[in-house]
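Note that this is a predicted model, so its numbers are computed, not measured. Convention: sequence-line order gives letters A, B, ...; per-chain numbering from 1.
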2 protein chains.
Amino acid sequence: MDDTGWRPVKRTRTFEDVLAQIERRITEDGLTVGDRLPAERQLAEQLGVSRSSVREAMRVLETLGVVSSQVGRGPDAGAVLTSRPDSALTDLLRLHLGLASLEMREVIDARHMIEQWAAAHAATSGADTSALAAALAGMDAARTAEEFVEHDTAFHCAIADASGNRLIAAIMRSLRDSMRRYSVEAVQRLGDTSVLRADHVRILEAVERGEAGEATRAVSEHLAHAYPALFR
Amino acid sequence: MDDTGWRPVKRTRTFEDVLAQIERRITEDGLTVGDRLPAERQLAEQLGVSRSSVREAMRVLETLGVVSSQVGRGPDAGAVLTSRPDSALTDLLRLHLGLASLEMREVIDARHMIEQWAAAHAATSGADTSALAAALAGMDAARTAEEFVEHDTAFHCAIADASGNRLIAAIMRSLRDSMRRYSVEAVQRLGDTSVLRADHVRILEAVERGEAGEATRAVSEHLAHAYPALFR
DNA sequence: GGTTCGATATGGTCTGACCATACTGTGGTC
DNA sequence: GACCACAGTATGGTCAGACCATATCGAACC
């Protein structure tokens, strides 16, 4: 061991300090969704940094779906704390898929896992299933693959919502969004969507009857129908 | 319906244009991890925008774990494409937990889901399990709850890695990181970690023998032991 | 009371400068 | 030729100050 006890001095960029201070204020002061942060110029002066650094920190928070900035003047203007993890996750997945650092197979496997979990929990939670039925009707009325996928996504996200876990629902949404194009192609390749319709009805009924095991199986087989190339 | 067909003009900020162009370059030119983006000043001139806007776009990409910026000069300097979804996910979860827009219960449920899936797939993938054994030894040598949790995290992340799905492994890492403090408290409350050790051995042996069902059950019961307050 | 219009606070953008960092190349030294 | 010291330079990081677009507020006016 030639460990001298020295550690590399971590280069801390100004905007990272700003980020840390804002995060500290959030946790210590118990700030919550809807609260406003100070204006950029004011924050810059209070922290003794330039407005650019504050802005870069804001950009980070906005990217993570924690704040939302509005121009103008008034109660709604400025940086407001929000909670939009969905778009952040979607951007993250889309970019990493574009970089080929993630493969579609991995995304679909993750979806498989989540959908099974969500269906089982939706079945046992006894949550409202009207959104599911509405999405089903939307799929019946769809005239293009794009429309079909849109309502199909709504159906599956509604299951995730019904599971009662917002984190898993957010991940579900992001996974669907990031593979939207792929789903449209899969539906077009499939042509006939009657198989998928029967699957959806089966899932819906299982959830409504509270049969978690059947819901899990139904979802699993449904995904196998929808993406046969990946489940051979 | 008084819908006139008008839609609000989407305000597009300059840095969002920059982001879109960079993303287009990534997908169209097939840029991949390790490739360098043009320097900030150069990019600003090419796109006809100010350097501030380019920098804000860079900050977004860095937040999403897609680029990494290095100062100085040379082959490694500048903005390099990377693939670090872990830290992005961790930041996202930590901030949303701090905002109380997510509850620990939801995070732990998500972990439960992922760990079961990962253990089953690790068992059937036949991947290397030496990292698991090493983490187990680390836990035995741990003298504080913090040290124990560190190696415990390594153990569970190694399972996720062995499942072969990088996305799920990344989510797993982020979940563990964001609840690190909570895990330490849980271990301290528990006091005796021998129960956890037996659980880990059981999981490891199930994975090594390729018994997916047993691995799933072992993980599930392990989490019930580790977080009894949440599995009552 | 309603309307109009200027004042103002906010984020968005740009310019230009300077600093710290880390490589590059040059020239000298041995 | 090998090595080393040092100036040059390209890079990101930060700052100050200005201007613009937007949205509200408020006073003056009808």
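Distance CE (Met58(A)) to C1' (dT10(C)): 12 Å, rounded to an integer number of Å. Rounded to a whole Å, the CG atom of Asp76(A) is 14 Å from the P atom of dT10(C). Distance Phe15(B) CZ to dT13(C) P: 7 Å, rounded to the nearest Å. The CZ atom of Arg51(A) sits 10 Å away from the P atom of dT13(C) (whole-angstrom rounding).
Between His200(A) and His156(A), the ring planes are perpendicular. Angles over 60° get that label, and only those under 30° would be called parallel.
In this model, a donor atom of one side chain and an acceptor atom of the other lie less than 3.5 Å apart for Gln116(B) and His112(B). Donor-acceptor pairing under 3.5 Å is lacking for the side chains of Thr82(A) and Ser68(A).
Of the possible polar contacts, one joining the Glu106(B) side chain to the Arg166(A) backbone as a donor-acceptor pair under 3.5 Å is found.
Using a cutoff of 4.0 Å between basic side-chain nitrogens and carboxylate oxygens, Glu56(A) and Arg13(A) are not scored as salt-bridged. Remark: Glu23(A) engages Arg94(B) in a salt bridge, criterion side-chain N to carboxylate O under 4.0 Å.
Within the 4.0 angstrom heavy-atom criterion, base atoms lie near Ser52(A). At a threshold of 4.0 angstrom between heavy atoms, the contacts of Gln70(B) are confined to the sugar-phosphate backbone, with no base atom among them.
For DNA chain D, the span of nucleotides reached by chain A at under 4.0 Å from its heavy atoms goes, 5' to 3', from dG13(D) to dC25(D).
The 5' end of DNA chain C is approached more closely, in terms of each residue's nearest nucleotide, by Gly48(B) than by the other of Arg41(B) and Gly48(B).
Taking only side-chain nitrogens and oxygens, Arg13(B) comes nearer than 4.0 Å to OP1 or OP2 of dG12(C). Distances shown here put a side-chain N or O of Arg59(A) below 4.0 Å from the OP1 or OP2 atom of dG12(C).
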